[in-house]
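Here the structure comes first, spelled out in structure tokens, and everything after it is commentary.
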Amino acid sequence: MQKVISRPPRGLDATPPEGLSESELLELEAIYCSHGDTVHYTNTPKIFERAEGSFLYDAAGKEYLDLQMWYSAVNFGYRNERLNAAVRRQLDRLPQVASQYLHREKIELAAIIARDAEQKFGSKGRVHFNVGGSQAVEDSLKLVRNFKNGKSLMFAFEGGYHGRTLGASAITSSYRYRRRYGHFGDRAHFVPFPYHFRGPKGMSKEEYGHHCVMQFARLFESEYNGVWDPKAAEAEYAAFYVEPIQGTGGYVIPPKNFFVELKRVLDAHGILLIVDEIQMGFYRTGKLWSIEHFGVKPDAIVFGKAITNGLNPLAGVWAREELINPEIFPPGSTHSTFNANPMGTAVALEAMKMMRETDYEKLVMEKGAYLLKGLEDLKRRYPIVGDVDGLGMALRMEICEPHDSFTPSKAIVDRMVDEGLKGDIEVGGRKYGLVLDIGGYYKNVVTLAPSLHITKHEMDLAIKLLDCVMQRVGRT
Ligand SMILES: Cc1ncc(COP(=O)(O)O)c(C=O)c1O
């Protein structure tokens, strides 16, 4: 190591030699990589070398069953043959082209998404692509503000997450993401989400959903509640940004009645419904869009992550024609060099074709139900599990103090994650690691997003590994 970092810097000549050991790499990382991303949430960042199907492999060849799949960006498994082949084909044909020109993959992809939305929601619309989820959220904010004559105030949910660019973090509930950077745009008004496990006791899930809508509706009862001018019949707020199932918020699943009731209030007050499907889209919950479970029609859908199975970055927004037609959103309204890039759109197009040809709805609901049964069994056996729930293959396991199975325990869940990453859990004579992700309002929820292609054998392994990890962190 010494030899690398003590060498006098000579521009690119100072490039470290290849084949550094893991500890040498970590030493370099500590010095040369920004720690402003999320790598240093843990004290010992993990380096992976290889991936296949549901597994990640470290340099020593240890295999780690991944139950989070890059926050649901790799829905179709690592190194998915069909999708990787699409990337290779595009690489050999038209890998780059300036975004002022067209390529067929962009057009076909937009048409598939828009036609599907038209069929499902009865609205003509168009698609605008960008690179990452946060950037697509920014584009959607432009669409909304433009359509609503510059109105810049939004509603969003407590526990909601829409990204960390300045605009997206203004509508994300955590002040933590804004504290150092101040406000660049208007911060959203954050409204309670029907998080039933931590809601008032004595209410059914549906009653609590209804209660949350009524609390929101109360804002419009009088001009003195700060959002509504009854004389002009106009709201000060342009749109409500929702994740149908909260992602970073801990895979919280609302009751079925919730969005129908909420939408009535929005429609009555001219407020747009913008659905963020960045984490829950592309069959994570058993539907292309998770909002399809809830019987409402969105004005716009923002998507990203799994559209390319986590390969070349691509995200985008579908919006109703009224918001995005060329008269109202003319050329140059927004632009990024890499938006609609050929590699991303090619793999996304292949992914959409694969979703059209495969009955993911059935497959995901069946596998999700099987996994949920396994989680319910763990809940019966371990008092640290306060709640389990799932919709399709978006599953949650809320970890709590064992004395009441309710008080959130970030400490226990942190230990579970660390134990999983040790890579020494023995099942059937083999050693495994386990990759888990944590979410939730109290950072105590294991948010499970396995590959939609996970096998039955791997699901059994997942439950066994969780069982072993929970034994290690204490049965009491
Ligand atoms: C629901 C949701 N919205 C927005 C984002 C931001 O997307 P990106 O990280 O690609 O910028 C994420 C990322 O986790 C997300 O889960």
Side-chain angles (χ1 to χ4, degrees), residues 36-39 41 68-75 128-141 143-144 154-174 176-178 181 188 190 193 195 239-254 259 273-285 287-291 293-294 298 300-318 334 336 338-341 344 347-348 391-396 437-441 443 445 447-449:
D37 54 23
T38 55
V39 168
Y41 274 177
Q68 61 121 352
M69 300 307 282
W70 201 356
Y71 330 117
S72 195
V74 194
N75 283 2
H128 186 95
F129 294 109
N130 209 322
V131 188
S134 304
Q135 290 88 343
V137 167
E138 298 282 337
D139 289 345
S140 75
L141 285 165
L143 285 169
V144 167
M154 311 291 155
F155 290 111
F157 282 119
E158 291 176 7
Y161 181 89
H162 301 287
R164 290 195 211 181
T165 52
L166 286 167
S169 58
I171 57 168
T172 289
S173 55
S174 300
R176 181 162 67 88
Y177 305 138
R178 294 185 293 271
Y181 315 107
F190 296 105
F193 191 78
Y195 179 7
F240 202 139
Y241 273 75
V242 313
E243 290 167 89
I245 314 304
Q246 295 199 313
T248 306
Y251 284 25
V252 185
I253 304 163
F259 281 110
L273 176 68
I274 312 299
V275 176
D276 180 341
E277 293 279 0
I278 291 168
Q279 187 156 165
M280 292 297 155
F282 307 108
Y283 287 96
R284 171 55 52 204
T285 68
K287 304 265 189 201
L288 178 64
W289 309 123
S290 61
I291 195 68
H293 288 284
F294 298 97
I301 294 174
V302 193
F303 54 84
K305 292 193 198 275
I307 191 169
T308 65
N309 202 35
L311 290 166
N312 301 74
L314 190 79
V317 51
W318 167 86
T334 183
S336 168
F338 293 111
N339 69 4
N341 62 86
V347 65
L391 184 61
M393 290 174 84
L395 300 129
R396 76 191 311 269
D437 197 27
I438 305 175
Y441 293 37
K443 294 288 162 250
V445 180
T447 50
L448 297 156

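One-based numbering, in listed order, for ligands and for the atoms of each.
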- Quick one: do Gln135 and Thr165 satisfy side chain to side chain donor-acceptor pair (under 3.5 Å)? Show the steps, please. CA-CA 7 Å; Gln135 290 88 343; Thr165 52; over 6 Å; no
May I have a table of the N/O to N/O pairs between ligand 1 and the protein that fall below 3.5 Å, each row giving the two atom names and the distance to 0.1 Å?
residue: ligand 1; atom: 3 (N); partner: Tyr161; partner atom: O; Å: 3.3
residue: ligand 1; atom: 3 (N); partner: Asp276; partner atom: OD1; Å: 3.3
residue: ligand 1; atom: 3 (N); partner: Asp276; partner atom: OD2; Å: 2.6
residue: ligand 1; atom: 10 (O); partner: Gly133; partner atom: N; Å: 2.9
residue: ligand 1; atom: 11 (O); partner: Ser134; partner atom: N; Å: 2.8
residue: ligand 1; atom: 11 (O); partner: Ser134; partner atom: OG; Å: 2.6
residue: ligand 1; atom: 14 (O); partner: Lys305; partner atom: NZ; Å: 2.7
residue: ligand 1; atom: 16 (O); partner: Gln279; partner atom: NE2; Å: 2.8

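- Ring planes of Phe157 and Phe193: perpendicular class, angle over 60° (limits at 30 and 60°).
- For the residue pair Tyr441 / Gln246, a side-chain donor-acceptor distance below 3.5 Å is found, with atom types taken as modelled.
- Side-chain atoms of Phe129 and Phe303, non-hydrogen and from C-beta on, do get closer than 4.5 Å to each other.
- With hydrogens and angles left out, the side-chain atoms of His293 and Thr285 include a donor and acceptor closer than 3.5 Å.
- With sequence neighbours excluded, the residues satisfying side-chain contact (heavy atoms from CB on, under 4.5 Å) with Ala239 are Val144, Met154, Tyr241, Leu272, Ile274.
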